[in-house]
*Asks:* 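One structure coming up, written as structure tokens, with questions to follow.
What's counted below: heavy atoms across the whole structure, side chains too, no hydrogens, waters or symmetry copies. Residue indices begin at 1 and follow the sequence shown.
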Amino acid sequence: MGKLVNIAPLADKELKLQDAADYLEELKDVLIEIIDEYESEDADSEKIDILTDALDALEDAFDAINDVVMDEL
């Protein structure tokens, strides 16, 4: 007889990871809007650079979560 696999815990983890990815996507969108506002106001380039670094970090986190989800499938 074949091995039984309980997929409920796996599905639960994937759902939580997908929720986290969705939140990161929303946060990235908000941060892009804020960066655009700073750029349109000719704000201090250091602030824009810092926010751009934060956006890059969010994108890295989003990519990492997606990598884990794809490995789980």
*Asks:* Drop me the distance from Ile32's CD1 to Leu27's CG, to the nearest 0.5 angstrom.
*Replies:* 10.0 Å
*Asks:* Going from CE on Met70 to CG on Leu17, what distance comes out if it is rounded to the nearest 0.5 angstrom?
*Replies:* 11.5 Å
*Asks:* Once you round to the nearest 0.5 Å, how far does CD of Glu46 lie from CG of Leu51?
*Replies:* 11.0 Å
*Asks:* Mind checking the CD-CD spacing from Glu37 to Glu39? Nearest 0.5 Å is all I need.
*Replies:* 11.0 Å
*Asks:* Calculate, to the nearest 0.5 Å, the distance between atoms CD and NZ belonging to Glu33 and Lys28 respectively.
*Replies:* 13.5 Å
*Asks:* Identify the residue among Asp63, Asp53, Leu31 that makes a side-chain contact (heavy atoms from CB on, under 4.5 Å) with Leu58.
*Replies:* Leu31
*Asks:* According to a hydrophobic-cluster definition based on side-chain heavy atoms being under 4.5 Å apart (Ile, Leu, Val, Met, Phe, Trp, Tyr only), do Ile35 and Ile50 belong together?
*Replies:* no
*Asks:* Locate the shortest heavy-atom distance separating Leu24 from Phe62; write the atom from each residue and the value.
*Replies:* CD1-N, 3.8 Å
*Asks:* Can you get from Tyr23 to Leu55 by hopping between Ile, Leu, Val, Met, Phe, Trp and Tyr side chains that sit under 4.5 Å apart?
*Replies:* no
*Asks:* Restricting to non-hydrogen atoms, name the atom on Ala21 and the atom on Ile65 that form the minimum distance, rounded to 0.1 Å.
*Replies:* CB-CG2, 4.1 Å
*Asks:* State the NZ-OG1 distance between Lys47 and Thr52, to the nearest 0.5 angstrom.
*Replies:* 13.5 Å
